[in-house]
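The structure appears below as structure tokens.
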Amino acid sequence: MAFYLMKSTAEDSEIDIGAEVNHLLEAWADRRNYDALCQLWGGYRSLNGLTDGWESFLASLKRLRGATRMQESERILATEAATVDMLIGVVSRMLNDR
């Protein structure tokens with residue numbers, strides 16, 4: 001089985017990860033969706049500019065996606081779930097480029 005690394009794309013550099021995360025956090029705070037908010041905030045505040053911080057952030061995004069798919073967090077809108085998926089892809093590709 002071959003393993004292929006995903007390389008960052010030109011579109012990835014145009015995505016403002018911080019702005020996307022802040023948009024999700026604000027929306028979930030407004031709707032009092034504290035489960036999703038805490039899951040994302042926990043990973044986001046671990047960002048320290050180093051690979052381990054990004055790995056922790058990616059893990060929190062993946063846990064959030066898992067909860068969404070298991071219907072544990074039905075208060076996450078489809079557009080927000082798509083944003084989480086997009087962030088997972090961008091961060092994954094960024095980490096594979098290092």
Side-chain angles (χ1 to χ4, degrees):
M1 182 166 115
F3 177 73
Y4 299 100
L5 291 178
M6 300 176 295
K7 296 291 183 181
S8 290
T9 64
E11 293 82 20
D12 288 349
S13 64
E14 296 174 8
I15 295 171
D16 185 349
I17 294 172
E20 296 290 341
V21 169
N22 285 330
H23 176 73
L24 290 173
L25 291 172
E26 288 176 9
W28 294 336
D30 290 344
R31 292 198 315 267
R32 297 182 181 174
N33 187 350
Y34 299 124
D35 292 336
L37 188 131
C38 290
Q39 185 67 248
L40 184 58
W41 177 247
Y44 187 54
R45 68 187 183 118
S46 69
L47 289 177
N48 58 8
L50 302 175
T51 305
D52 63 334
W54 284 102
E55 286 286 348
S56 179
F57 177 55
L58 180 61
S60 73
L61 288 169
K62 288 180 177 180
R63 284 191 301 272
L64 186 58
R65 179 176 61 184
T68 302
R69 290 188 176 168
M70 304 260 318
Q71 302 295 336
E72 293 173 14
S73 188
E74 62 276 347
R75 293 173 35 192
I76 295 178
L77 305 177
T79 56
E80 295 166 345
T83 299
V84 170
D85 286 339
M86 179 267 304
L87 288 170
I88 289 171
V90 170
V91 174
S92 295
R93 288 186 293 273
M94 180 186 66
L95 286 170
N96 282 334
D97 278 353
R98 292 183 176 211

CG-CD1 distance between Leu64 and Ile88, expressed to the nearest 0.5 angstrom: 7.5 Å
Closest approach of Asn48 to Leu50 (non-hydrogen atoms, all atoms of both residues): OD1-N, 2.9 Å
Value rounded to 0.5 Å, distance of CG in Leu87 from CZ in Arg65: 11.0 Å
Distance in Å, Ile76 CD1 paired with Asn33 CG, rounded so as to fall on 0.5 Å steps: 5.5 Å
Side-chain touch Leu40/Phe57, heavy atoms, less than 4.5 angstrom: yes
Glu55 CD to Ser60 OG distance, which is reported to the nearest 0.5 Å: 11.5 Å
Atom pair NE2 (His23) and CG (Asp16), whose distance is rounded to the nearest 0.5 Å: 12.5 Å
CG on Leu77 to OG1 on Thr83, rounded to 0.5 Å: 10.0 Å
Heavy-atom side-chain proximity of Gln39 to Val84 below 4.5 angstrom: no
CZ (Arg45) with more than 12 external heavy atoms under 6.0 Å: no
Heavy-atom side-chain proximity of Leu24 to Val21 below 4.5 angstrom: no
Least distance between heavy atoms, Gly18 atom then Tyr44 atom: CA-OH, 3.5 Å
Main-chain N/O of Ala36 paired to Arg75 side chain as donor or acceptor, under 3.5 Å: no
